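Single-structure report; data block below.
Below, chain A is the first sequence line, B the second, and so on; all start at residue 1. Note that the structure is a prediction, hence the values are computed from the model and not measured.
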Number of protein chains: 2
Amino acid sequence: MVTIGDVARVAGVSRSTASYALSGKRAISPEVRHRVAAAVERLGYTPNAGARALATSQTKVLGLLARVLEDEFAPAMMQYILGVTDGARDLGYDTLLVSEEDGVRALRRLADSRMVDGFVLLNVAEHDDRLPVLRDARQPGALVGLPADTAGVDVFDHDFAAVGRVMVDHLHALGHRELILVSQPEHVVARGGAYVWRLADAARQQAEERGITLHARFAASGQPEIGRELDAILDAHPGATGLLLNNEAAAAALPGVLTERGLRSPRDLSVIGRYSDDFARTFSLPYSAIDSAAGELGRLAVAQLVARIEHRLAEEAPHVVRLIPPVFTDRGSTAAPRPVS
Amino acid sequence: MVTIGDVARVAGVSRSTASYALSGKRAISPEVRHRVAAAVERLGYTPNAGARALATSQTKVLGLLARVLEDEFAPAMMQYILGVTDGARDLGYDTLLVSEEDGVRALRRLADSRMVDGFVLLNVAEHDDRLPVLRDARQPGALVGLPADTAGVDVFDHDFAAVGRVMVDHLHALGHRELILVSQPEHVVARGGAYVWRLADAARQQAEERGITLHARFAASGQPEIGRELDAILDAHPGATGLLLNNEAAAAALPGVLTERGLRSPRDLSVIGRYSDDFARTFSLPYSAIDSAAGELGRLAVAQLVARIEHRLAEEAPHVVRLIPPVFTDRGSTAAPRPVS
DNA sequence: CTGAAAGCGCTTACAG
DNA sequence: CTGAAAGCGCTTACAG
């Protein structure tokens with residue numbers, strides 16, 4: 001293995017000079033700098049990451065803690081992860097991805113062994129058991145997902161409350177007076193998916209303020225249950241003219257359900273979903289939908305985290321809670337309700 | 001930070017003894033072993049990963065090189081990644097995930113800086129530019145995806161040729177004599193997705209052997225193009241009674257297309273797809289399909305890689321090329337073709 | 001502008 | 001069964 005000692009010897013300088021020439025941390029004569037650069041080039045030198053980490057207490061690695069809840073659709077996490085890994089690389093960091101069941105253990109292991117300079121937590125729950133450990137760690141952390149207690153961490157998430165309000169307002173403005181909201185399965189919520197509540201509560205409150213009816217329901221995250229459940233939900237609320245879907249599986253199942261019932265959207269039913277353009281395009285989800293870019297959230301979290309790691313933030317800079325606003329993509333699945341016959 | 005020196009002092013032994021007590025690499029008196037364990041417990045000691053890596057030349061980290069081709073559906077990669085990260089953890093390794101555009105650079109960086117003990121490459125192309133670099137690296141590598149030249153690496157992939165044969169045979173046995181195969185977009189293939197060819201070639205050959213007709217077509221990876229293209233393809237081959245889909249977007253778009261045309265599966269058209277149960281469930285893909293578990297592939301690759309890293313394989317143990325067989329999931333979308341009227 | 005030396009926190013021959 | 005010491009490959013005060 002070629003070390004900085006080899007570089008120094010070939011360049012005819014001391015190891016410290018070689019090191020400084022590479023880091024640029026002190027003035028070096030142009031002549032020496034070139035000799036060192038040539039030696040590096042000739043020998044194909046790359047610093048040993050472990051040695052550097054030991055000497056500097058910096059690993060240039062970020063820990064990314066993913067978390068797959070039961071019944072959650074894991075692939076949906078990919079966009080967040082790519083946002084983090086790409087964002088990290090742009091800032092000079094690599095990313096250690098951890099998916100193990102026991103996030104607390106993983107966090108402790110990476111923190112205590114000094115494998116990473118900071119953490120990004122994905123899929124953060126309302127009362128996430130990883131948070132106390134993160135606050136104890138010497139490395140800073142940024143979250144994707146809004147917990148109840150945001151002390152000591154930087155937080156980034158979609159503004160789910162705004163999503164709920166936008167959904168309701170959009171249909172209300174078109175003249176709808178009775179809506180159904182289909183959320184993700186209740187036990188996903190129970191496991192910590194507070195975002196489901198944030199959206200539902202805001203929708204309910206907005207409906208109340210507008211003086212319209214909102215039926216809020218949970219539903220399965222896949223076939224065959226979701227098809228039957230949608231049918232039952234539509235049966236139960238024959239007066240509803242608008243359907244809000246916070247559940248990708250429901251959006252995918254709905255076209256078939258409507259066809260079976262002889263219904264068409266938006267003629268018989270206005271529909272607004274919540275899913276990414278990417279999913280809509282690949283899986284033919286045909287409804288107008290609200291989303292905000294997942295990758296952007298990952299990048300934001302990383303940028304803030306790296307700023308803290310590198311102390312480009314004042315030591316006491318307040319932690320941020322940043323909720324990014326929803327974006328509405330119109331696919332023509334909403335219209336004024338049909339006049340009551 | 002608490003170091004092994006602290007542990008040694010508290011336990012009243014030398015640092016080497018403390019180290020040996022922890023590693024178990026030499027006999028230690030029970031008494032001393034307990035004192036060391038107690039000290040570790042009391043101080044909350046965890047070895048510094050960088051220091052250990054420097055001393056042992058082992059990082060206990062695997063490099064995972066993902067690669068997202070243009071127009072590929074990134075989330076589909078998630079299952080492979082989770083197979084790798086979970087598999088690695090079970091064997092005592094962490095995973096550094098790299099998604100950067102320039103895989104060659106990334107590979108070189110991780111290899112030369114000694115950040116990882118081995119590599120897993122995802123989405124390996126027929127002539128993958130990362131392979132020469134991997135062969136030059138001192139760390140071993142395992143691939144998910146079958147390249148043209150498999151020298152010096154362990155290879156794991158789906159048996160796409162078998163998938164093609166199974167698809168054709170299944171419909172041939174039911175009495176079909178004219179089939180259509182819809183593959184992924186041609187430029188995905190051009191970028192290295194040789195698996196598309198492997199499936200298509202095998203299907204074509206099998207059709208020939210069976211004496212039946214197979215029309216092979218490429219199609220878009222999403223809406224709105226895919227819907228129109230499916231329509232055009234069906235228009236072009238009115239005599240076809242069976243449809244083979246190596247394209248998730250096509251499977252998602254087909255129900256709507258068939259409904260529009262007043263057709264039903266399997267009555268008017270037998271359909272076999274290729275996608276995971278997970279996708280089928282979440283996105284209401286209704287067709288019988290062939291797949292093999294992506295996560296398993298990731299785990300297999302990691303297991304073999306770790307065996308090499310830890311020299312549990314004879315130094316000259318031949319590299320493996322392992323193709324895992326397809327599994328058919330029947331969703332009732334195939335039947336005998338209707339008698340010609 | 002440059003060099004000799006100490007130190008980061010481990011592991012592991014070497015010696016007893 | 002245990003300890004003193006060297007060494008892994010860097011960086012960075014200290015000295016000139």
Side-chain angles (χ1 to χ4, degrees), chain A residues 1-37 39-40 43-61 92 109-117 138 310, chain B residues 1-37 39-40 43-61 92 109-117 138 310:
Chain A
M1 134 153 254
V2 29
T3 73
I4 197 163
D6 300 322
V7 171
R9 186 166 355 93
V10 169
V13 298
S14 72
R15 298 194 307 152
S16 62
T17 297
S19 176
Y20 282 119
L22 289 175
S23 68
K25 285 193 182 171
R26 78 178 181 192
I28 298 284
S29 69
E31 139 98 60
V32 164
R33 198 176 332 120
H34 288 135
R35 287 214 312 269
V36 170
V40 165
L43 299 174
Y45 169 73
T46 307
N48 179 300
R52 176 174 277 179
L54 184 57
T56 63
S57 301
Q58 274 199 73
T59 63
K60 288 288 183 175
V61 174
R109 176 165 48 83
L110 298 190
D112 290 349
S113 67
R114 299 284 210 288
M115 291 183 79
V116 302
D117 295 338
R138 62 211 92 229
E310 301 181 349
Chain B
M1 132 153 257
V2 29
T3 73
I4 198 162
D6 300 322
V7 170
R9 189 167 352 95
V10 168
V13 298
S14 72
R15 299 194 308 153
S16 61
T17 298
S19 176
Y20 283 118
L22 290 175
S23 69
K25 286 194 183 172
R26 79 177 181 194
I28 299 283
S29 71
E31 139 100 62
V32 165
R33 199 175 332 120
H34 288 134
R35 287 214 312 269
V36 170
V40 165
L43 299 173
Y45 169 73
T46 306
N48 179 300
R52 175 173 277 180
L54 184 56
T56 63
S57 301
Q58 274 201 74
T59 62
K60 289 286 182 176
V61 174
R109 176 164 48 82
L110 298 190
D112 290 349
S113 66
R114 297 285 210 287
M115 293 183 78
V116 302
D117 295 337
R138 62 210 94 229
E310 301 181 349

Side chain of [X] (C-beta onward), nearest among [options]:
{"X": "Thr17(B)", "options": "dT2(C), dG9(C), dT2(D)", "result": "dT2(D)"}
{"X": "Tyr45(A)", "options": "dG3(C), dC10(C), dC10(D)", "result": "dC10(D)"}
{"X": "Ala27(A)", "options": "dC1(C), dT2(C), dC1(D)", "result": "dC1(C)"}
{"X": "Ala55(A)", "options": "dA4(C), dT12(D), dG9(D)", "result": "dG9(D)"}
{"X": "Asn48(B)", "options": "dC10(C), dT2(D), dT2(C)", "result": "dC10(C)"}
{"X": "Ser16(A)", "options": "dA13(C), dC10(D), dT12(D)", "result": "dT12(D)"}

Check your understanding: So what does Ser19(A) hit on the nucleic acid, given a heavy-atom distance under 4.0 Å: a base, only sugar-phosphate, or nothing?
Key ->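 Since a base atom lies under 4.0 Å of Ser19(A), the category is base.
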
Check your understanding: Using a cut-off of 4.0 Å on non-hydrogen atoms, how would the nucleic acid contact of Thr3(A) be classed: base, sugar-phosphate, or nothing?
Key ->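 Here Thr3(A) touches the backbone only, sparing every base.
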
Rounding to a whole Å, what distance do you find between [X]:[atom1] and [N]:[atom2]?
{"X": "Met1(A)", "N": "dG9(D)", "atom1": "CE", "atom2": "P", "result": "6 Å"}
{"X": "Arg9(B)", "N": "dA4(D)", "atom1": "CZ", "atom2": "C1'", "result": "17 Å"}
{"X": "Tyr20(B)", "N": "dA4(D)", "atom1": "OH", "atom2": "P", "result": "14 Å"}
{"X": "Lys60(B)", "N": "dC10(C)", "atom1": "NZ", "atom2": "C1'", "result": "16 Å"}
{"X": "Arg35(B)", "N": "dC1(D)", "atom1": "CZ", "atom2": "P", "result": "14 Å"}
{"X": "Arg15(A)", "N": "dG7(D)", "atom1": "CZ", "atom2": "P", "result": "12 Å"}
{"X": "Leu54(B)", "N": "dG7(D)", "atom1": "CG", "atom2": "C1'", "result": "9 Å"}
{"X": "Lys25(A)", "N": "dT12(D)", "atom1": "NZ", "atom2": "P", "result": "4 Å"}

Review point. Are any of Thr56(B)'s side-chain N or O atoms less than 4.0 Å away from OP1 or OP2 of dC10(C)?
Key: no

Exercise for review: On DNA chain D, check which nucleotide each of Ser57(B) and Ala18(B) is closest to and give me the residue with the more 5' one.
Suggested key: Ala18(B)

Practice item. Please figure out whether Gly12(A) or Arg52(B) has its closest DNA chain C nucleotide nearer the 5' end. Key: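 Result: Gly12(A).
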
Review point. Do the side-chain N and O atoms of Ser19(B) and Ser16(B) include a donor-acceptor pair separated by under 3.5 angstrom?
Key: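 Distance-only check fails for Ser19(B) and Ser16(B).
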
Review point. Is the closest side-chain heavy-atom distance between Asp112(A) and Arg138(A) below 4.5 Å?
Key: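 Side-chain contact under 4.5 Å: yes.
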
Check your understanding: Within the distance-only criterion (no hydrogens, no angle test), does the side chain of Arg33(A) pair as donor or acceptor with the backbone N or O of Ile28(A) below 3.5 angstrom?
Key ->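 Yes; at least one donor-acceptor contact below 3.5 Å.
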
**Study point:** Thr17(B) side chain to Val13(B) backbone, donor-acceptor under 3.5 Å
**Key:**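 Not at all, since once roles are kept as given, no pair shorter than 3.5 Å links the two residues.
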
Check your understanding: Do Arg26(B) and dT2(D) share a donor-acceptor pair, side chain to base, under 3.5 Å?
Key -> yes

**Study point:** Nucleotide paired to dA4(D) in any strand shown, Watson-Crick or G-U, under 3.5 Å
**Key:**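 Check on dA4(D): unpaired, no WC or wobble geometry under 3.5 Å.
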
Revision key, fill the gap. The Watson-Crick or G-U wobble partner of dA13(D), with both key distances under 3.5 Å, is none

Exercise for review: Might you work through the side-chain contact (heavy atoms from CB on, under 4.5 Å) test for Gln58(B) and Lys60(B), ending with a clear yes or no?
Suggested key: CA-CA 6 Å; Gln58(B) 274 201 74; Lys60(B) 289 286 182 176; 4.0 Å; yes

Study note, to complete from the structure: d(Tyr45(A) OH, Thr3(A) OG1) to nearest 0.5 Å is 7.0 Å

